[in-house]
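Structure first, then comments.
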Protein chains: 2
Amino acid sequence: MGTVVVGFVPKPEGEAALKSGIAEAKLRGSKVVVVNSHRGGSEFDGEQATKAEQEMERIRKVLDESGVEHELRQLVRGFEPAEDLISIAEAADAELIVIGLRRRSPVGKLILGSNAQRILLDAKCPVLAVKAD
Amino acid sequence: MGTVVVGFVPKPEGEAALKSGIAEAKLRGSKVVVVNSHRGGSEFDGEQATKAEQEMERIRKVLDESGVEHELRQLVRGFEPAEDLISIAEAADAELIVIGLRRRSPVGKLILGSNAQRILLDAKCPVLAVKAD
């Protein structure tokens, strides 16, 4: 059974990645591994931890209802999210990584975030980039 | 029937995009539209045109043998390849765009090409980025 790895962030583009990752796993008869990673550190206080826990509960519910075999991982360990995602994808021999990208406004600058660029450049498997509806 | 649009370039990453685009179209029961675009201009002389024509023949053969419904377009009209690809994908109401990315060397700089960035940022549909084997 193959594995689709989803890079989740609690933003519209993260929701799009989750939805698309589930659909791709269904299409391929694969399981989905959702990775929610935080860098931790001083920004990550008690209130944020509670919020993150609620977020995890919600994602778990979405995954349970999808009917797709799944795994949910929350990582708080000080690495860049791109590194977490790539190392998990490699360990799982993933066939696909799904990430969400922000839309840019008509006058927005033409530059992808460094995490997205790193995943796109360094992942060994194909990367599906989706945007919020 | 859905449409998968492939951005082809005569390079290993372009071959990977072609192969992956055919596989994705099969998986989705969709047709594949392969776009081979050149900017034209002074760089594009008679010799290059002949080479491009041979390249088109070869791609056509790969597509014919794939058994997937397909369309092959060669564009030489002075636009950036990203614009060609995005406008074709929008006109076809594509469900997916497939592009090839170069691998970077271990010491390579962390930057995606401007065409790839533009497609990733501006495409309305999901974009699958693949690398050469």
Side-chain angles (χ1 to χ4, degrees), chain A residues 2 4-7 13-30 80 82-83 85-86 89-90 94-133, chain B residues 2 4-7 13-30 80 82-83 85-86 89-90 94-133:
Chain A
V4 173
V5 172
V6 173
E13 62 268 25
E15 298 296 332
L18 177 61
K19 193 174 152 190
S20 173
I22 290 169
E24 291 296 326
K26 271 188 191 166
L27 191 63
R28 294 159 205 270
S30 302
E80 291 287 344
E83 289 171 48
L85 209 59
I86 289 172
E90 285 182 12
E95 64 195 302
L96 186 70
I97 293 175
V98 184
I99 59 170
L101 297 182
R102 268 193 300 268
R103 279 184 192 287
R104 70 175 168 124
S105 67
V107 294
K109 60 179 179 175
L110 183 66
I111 188 87
L112 276 170
S114 65
N115 262 304
Q117 289 209 32
R118 190 171 298 190
I119 293 161
L120 287 157
L121 285 163
D122 290 346
K124 290 194 177 126
C125 68
V127 178
L128 183 65
V130 302
K131 297 194 194 75
D133 294 329
Chain B
V4 173
V5 173
V6 173
E13 62 268 25
E15 298 297 333
L18 176 61
K19 193 173 153 192
S20 173
I22 289 169
E24 291 297 325
K26 271 187 191 167
L27 192 62
R28 295 159 204 271
S30 301
E80 291 287 344
E83 289 170 48
L85 209 59
I86 288 171
E90 284 181 13
E95 65 195 302
L96 185 70
I97 293 175
V98 183
I99 59 171
L101 297 182
R102 269 193 299 270
R103 279 184 191 287
R104 70 176 168 123
S105 67
V107 294
K109 61 179 177 174
L110 183 67
I111 189 87
L112 276 170
S114 65
N115 262 303
Q117 289 210 30
R118 190 170 300 189
I119 292 162
L120 286 157
L121 286 163
D122 290 346
K124 290 193 178 129
C125 67
V127 178
L128 182 66
V130 302
K131 298 196 192 72
D133 295 328

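Remember, predicted model here, so these are calculated numbers, not experimental data. Each chain gets a letter, A, B and so on, in the order the sequences are listed, and its residues count up from 1.
- Separation of atoms CD (B:Glu24) and CD (A:Glu24) is listed at 6.0 Å; rounding is to 0.5 Å.
- Side-chain N or O atoms of B:Lys124 include none that pairs as donor or acceptor with a backbone N or O of A:Lys131 at under 3.5 Å.
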- Passes side chain to side chain contact (heavy atoms under 4.5 Å, CB included), B:Val127 versus A:Leu128? Steps please. CA-CA 6 Å; B:Val127 178; A:Leu128 183 65; 6.0 Å; no
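- Looking at B:Leu101, only its side chain comes within 4.5 Å of chain A, counting heavy atoms on both sides.
- Heavy-atom distances place the side chain of A:Leu96, and not its backbone, under 4.5 Å from chain B.
- Residue B:Leu112 holds its CG atom at 5.5 Å from CG of A:Leu120, rounded to the nearest 0.5 Å.
- The two residues A:Arg102 and B:Leu121 come nearest to each other via the heavy atoms O-CD2, 4.3 Å.
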